[in-house]
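Heavy-atom basis, side chains included; hydrogens, waters and symmetry copies ignored. One-based numbering, in listed order, for ligands and for the atoms of each.
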Amino acid sequence: MTTTYNLHLNNGFAVEQPTPRRIRKRALIIVDVQNDFLEGGSLAVDNANDVIEVFNNIRQSVNWDLIVLTQDFHPRNHISFAVNHDMPVMSTKIMEDGTEQIMWPVHCVQGTRGAEFHPDLIVEDDDIVVEKGCNTNVDSYSGFFDNNKKHQTKLDEILKSHGITDTYIAGVALDVCVKYTSLDSVSLGYNTFLIKDASRGVSQDSVKIALQEMKEASVHIVNSEDIV
Ligand code: VGL
Ligand code: ZN
């Protein structure tokens with residue numbers, strides 16, 4: 001690394017001081033790479049297991065300042081589970097406050113194997129895990145906020161305390177939790193990147209729409225090989 005020096009006058013003598021350079025700090029945010037969203041899981045996303053290798057590679061090849069994993073972590077009586085409303089899976093329920101809630105199959109229940117990260121995904125001691133969706137009465141697609149935006153997770157605080165300026169977000173599902181995490185990341189002021197080849201979505205159509213929405217919101221869409 002090269003450091004440039006400016007000459008400053010100090011009591012008439014020139015002294016060398018390092019020029020402060022704009023420092024960028026990068027966090028990798030691995031969204032919901034949990035058994036229930038992977039092959040054989042209750043809410044399995046097609047080809048989602050492919051992302052594991054991509055994450056394991058980029059965690060080594062890129063010099064991250066911080067690695068965070070989000071974990072969908074629901075109580076069994078969670079509002080997003082179709083069985084808790086006697087409704088068909090994947091239908092939509094209009095809630096009392098007027099919001100729409102997708103009726104998901106039971107997934108990522110706290111304390112179950114489905115909520116755990118895939119055993120092949122490398123997780124290290126310095127990584128930080130952020131749980132979301134823990135409140136029975138509200139869903140949480142974004143890693144930052146509950147869907148009603150009333151409660152924050154600890155994610156923003158963690159990123160700020162590490163001086164993170166740039167977030168690189170990927171995982172499952174691209175068209176649900178990855179998308180909402182990325183949009184909130186932009187609105188919280190982070191220079192935000194979506195790693196496309198480290199993400200998989202629920203449906204082709206909604207992936208297309210999600211990518212468009214993210215682009216319009218100034219999320220940079222990249223592939224893992226572009227990150228150096
Ligand atoms: C997710 C649906 C329900 C996700 C979480 O991680 O994308 N999708 N809960
Ligand atoms: Zn969920």
Side-chain angles (χ1 to χ4, degrees), residues 28-52 54-55 68-85 87-93 95 99-118 121 123 129-149 151 153 155 167-185 192 194-211 213-214 219:
L28 173 64
I29 301 177
I30 302 174
V31 176
D32 300 359
V33 183
Q34 298 165 255
N35 292 316
D36 270 340
F37 296 122
L38 302 168
E39 206 179 300
S42 63
L43 185 37
V45 172
D46 284 349
N47 304 313
N49 290 52
D50 296 351
V51 306
I52 295 168
V54 184
F55 283 121
V68 178
L69 298 97
T70 67
Q71 186 175 29
D72 212 32
F73 210 57
H74 300 310
R76 192 166 285 282
N77 60 349
H78 194 249
I79 195 168
S80 75
F81 297 164
V83 284
N84 294 336
H85 303 266
M87 285 185 69
V89 162
M90 303 310 279
S91 60
T92 301
K93 181 170 177 175
M95 309 308 280
T99 57
E100 293 186 0
Q101 174 66 54
I102 300 178
M103 298 283 100
W104 299 107
V106 173
H107 65 278
C108 300
V109 173
Q110 297 170 6
T112 65
R113 194 184 157 272
E116 289 168 17
F117 300 119
H118 191 280
L121 181 73
V123 180
V129 176
V130 172
E131 295 167 355
K132 64 185 180 65
C134 309
N135 182 339
T136 303
N137 300 312
V138 60
D139 212 352
S140 183
Y141 293 153
S142 162
F144 289 98
F145 295 99
D146 282 350
N147 287 3
N148 62 18
K149 292 264 167 103
H151 293 101
T153 66
L155 181 54
T167 57
Y168 287 74
I169 300 171
V172 285
L174 188 154
D175 40 359
V176 190
C177 292
V178 174
K179 176 180 92 170
Y180 286 103
T181 304
S182 303
L183 295 176
D184 282 343
S185 172
T192 305
L194 169 96
I195 316 171
K196 203 174 157 195
D197 60 329
S199 304
R200 293 293 182 278
V202 176
S203 92
Q204 264 184 17
D205 285 347
S206 64
V207 164
K208 222 170 148 182
I209 297 166
L211 289 171
E213 262 181 83
M214 286 187 270
V219 175

Under 3.5 Å between some N or O of ligand 1 and some N or O of Asp72?
-> yes
Got a sec: does the NE2 of His151 have more than 12 other heavy atoms crowding it under 6.0 Å?
-> no
Relative to the heavy atoms of Ala173, which atoms of ligand 1 are at a distance of less than 4.0 Å?
-> 4 (C), 6 (O), 7 (O)
Counting backbone and side-chain atoms alike, does His74 have an N/O/S atom under 2.8 Å from the Zn ion (ligand 2)?
-> yes
side-chain contact (heavy atoms from CB on, under 4.5 Å) with Ile169: which of Ile30, Thr192, Leu28?
-> Thr192
Candidate pair Leu211 and Leu194, rule side chain to side chain contact (heavy atoms under 4.5 Å, CB included), full reasoning = CA-CA 9 Å; Leu211 289 171; Leu194 169 96; 3.6 Å; yes
N/O to N/O below 3.5 Å, does that happen between Cys177 and ligand 1?
-> yes
How far apart are the C-alpha atoms of His85 and Ser91, what are their side-chain angles, what is the distance that settles it, and do they pass the side chain to side chain contact (heavy atoms under 4.5 Å, CB included) test?
-> CA-CA 11 Å; His85 303 266; Ser91 60; over 6 Å; no
Metal proximity, His107 vs the Zn ion (ligand 2), N/O/S cut-off 2.8 Å = yes
Can you tell which of Val45, Val176, Ile102, Asp139 gets a heavy atom nearest to atom 8 (N) of ligand 1?
-> Val176
Between Ile79 and Asn137, the two heavy atoms sitting closest are CD1-O, 3.1 Å
Can you find an N or O of Phe37 that's nearer than 3.5 Å to an N or O of ligand 1?
-> no
Does Asp32 reach ligand 1 with a nitrogen or oxygen that is under 3.5 Å from one of the ligand's nitrogen or oxygen atoms?
-> yes
Side chain, backbone, both or neither: the part of Val172 lying under 4.0 Å from ligand 1 by heavy atom = backbone
Work out whether the distance between some heavy atom of His107 and some atom of ligand 1 is less than 4.0 Å.
-> yes
Answer yes or no: is there a donor N or O on one side and an acceptor on the other, between the side chain of Asn84 and the main chain of Arg76, under 3.5 Å?
-> yes
May I ask you to test the Tyr180-Asn147 pair for a side-chain heavy-atom distance under 4.5 Å?
-> no
Over all heavy atoms of both residues, which pair between Ser142 and Asp184 is shortest? Give the atoms and the distance, please.
-> OG-OD2, 2.7 Å
Could you tell me whether any N, O or S atom belonging to Asp72 is less than 2.8 Å from the Zn ion (ligand 2)?
-> yes
